[in-house]
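Scroll down for the structure; my scribbles are underneath it.
The figures here come from the full heavy-atom set of this structure, side chains too, leaving out hydrogens, waters and symmetry mates.
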Amino acid sequence: MESSFSQLQKISSEMIASRIQSVKELLQTEMDMYEVSKDVETGEHYLHYAYMHRDFTNTGEPESFHYLLPIDSDDVLGFIFGEQGYAYPEHWQKAFLRNGPEGFYIWFDPSHEARQIEDEAIAADLLQKLKAFRENGSVDPEQVRKLLEELDQTGKKEDQ
């Protein structure tokens with residue numbers, strides 16, 4: 001029995017093509033496609049998203065990109081019967097495989113992007129508080145203590 005893709009870091013397009021089989025097409029348009037697919041070697045299911053992109057700043061030739069999101073057996077029927085959302089990127093919140101120009105698929109974890117957005121919001125909030133403190137012009141010890149407590153509380157909220 002072959003290894004699960006989850007145990008591999010870099011997977012050739014040829015291996016994916018030989019092992020992934022379509023189970024049910026969910027949506028097909030001119031530019032993108034969604035389907036439930038299955039690894040015939042391991043029985044694992046994936047939500048397969050493919051889209052075509054034309055880079056008109058370069059040659060304008062179409063390029064296709066493929067993403068494979070591992071899905072639990074319990075979710076397969078939910079996707080097939082339209083009970084679960086599957087649109088990229090809003091429903092792709094865990095690590096998935098995506099192909100690249102070198103002919104390999106690699107794992108991509110979108111949680112890093114979500115965390116970066118959260119971190120940027122925290123930084124903007126802290127900068128706003130510091131700016132307001134500076135514009136206030138009062139630097140007496142009580143005002144500094146209040147600012148530090150407020151900043152400390154902001155940090156504690158974000159850690160929860």
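- Checked against ring pair (Phe, Tyr, Trp, His ring centres under 6.0 Å), Tyr34 has the following partners two or more places apart in sequence or in another chain: Tyr49, Tyr86.
- Atoms CD1 and NE2, on Ile80 and His45 in that order, are 7.0 Å from each other to the nearest 0.5 Å.
- Taking each heavy atom of Gly43 and Lys38 in turn, the nearest pair found is CA-CE, 3.7 Å.
- Under the side chain to side chain donor-acceptor pair (under 3.5 Å) criterion, Ser64 pairs with no residue, sequence neighbours left out.
- In this structure, the side-chain contact (heavy atoms from CB on, under 4.5 Å) partners of Gln28, at least two apart in sequence or on a different chain, are Glu25, Met33.
- A single hydrophobic cluster is seen to contain both Val23 and Leu27, as judged by linkage of ILVMFWY side chains at heavy-atom distances under 4.5 Å, directly or through other members.
- Under the rule for a salt bridge (Lys or Arg N to Asp or Glu O under 4.0 Å), the partners of Glu142 that lie at least two apart in sequence or sit in another chain are Arg145.
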Anything under 3.5 Å between a donor and an acceptor, one on a side chain of residues 66-76, the other on a protein residue two or more places apart or in another chain? List them.
from: His66; atom 1: ND1; to: His48; atom 2: NE2; distance (Å): 2.8
from: Tyr67; atom 1: OH; to: Tyr51; atom 2: OH; distance (Å): 3.4

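- Considering all non-hydrogen atoms of both residues, Pro62 and Met52 come closest at CB-SD, 3.2 Å.
- Within 6.0 Å of CD in Glu83 there are more than 12 heavy atoms belonging to other residues, nucleotides or ligands.
- Neither Tyr88 nor Leu97 shares a network with the other; the hydrophobic side chains, linked directly or stepwise wherever heavy atoms of I, L, V, M, F, W or Y lie under 4.5 Å apart, form separate groups for each.
- At a threshold of 4.5 Å between side-chain heavy atoms, the hydrophobic network of Ile, Leu, Val, Met, Phe, Trp and Tyr places Leu47 and Phe65 in one connected group.
- Residue Ser37 comes nearest to Ser22 through the heavy atom pair OG-CA, 4.1 Å, listed as atom of the first residue, atom of the second, then distance.
- Separation of atoms OG (Ser111) and NZ (Lys94) is listed at 12.5 Å; rounding is to 0.5 Å.
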Discussion item. Could you walk me through whether Tyr46 and Phe96 satisfy the side-chain contact (heavy atoms from CB on, under 4.5 Å) test, starting with their C-alpha distance in whole Å, then the side-chain angles of each, then the deciding distance to 0.1 Å, before giving a yes or no?
Written reply: CA-CA 9 Å; Tyr46 294 87; Phe96 60 90; over 6 Å; no
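- To the nearest 0.5 Å, the span separating CG on Leu77 from NZ on Lys24 amounts to 12.0 Å.
- Clustering ILVMFWY residues whenever any of their side-chain heavy atoms sit less than 4.5 angstrom apart, transitively, puts Trp92 in the very cluster that holds Phe79.
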Quick one: side chains of residues 10-21, donor-acceptor pairs under 3.5 Å with protein atoms, not counting sequence neighbours, listed by atom name and distance.
from: Ser12; atom 1: OG; to: Met15; atom 2: N; distance (Å): 3.1
from: Ser13; atom 1: OG; to: Gly103; atom 2: O; distance (Å): 2.9
from: Ser18; atom 1: OG; to: Glu14; atom 2: O; distance (Å): 3.4
from: Ser18; atom 1: OG; to: Met15; atom 2: O; distance (Å): 3.0
from: Arg19; atom 1: NE; to: Asp39; atom 2: OD1; distance (Å): 3.1
from: Arg19; atom 1: NE; to: Asp39; atom 2: OD2; distance (Å): 3.4
from: Arg19; atom 1: NH1; to: Ser3; atom 2: O; distance (Å): 3.3
from: Arg19; atom 1: NH2; to: Ser3; atom 2: O; distance (Å): 2.8
from: Arg19; atom 1: NH2; to: Asp39; atom 2: OD2; distance (Å): 2.6

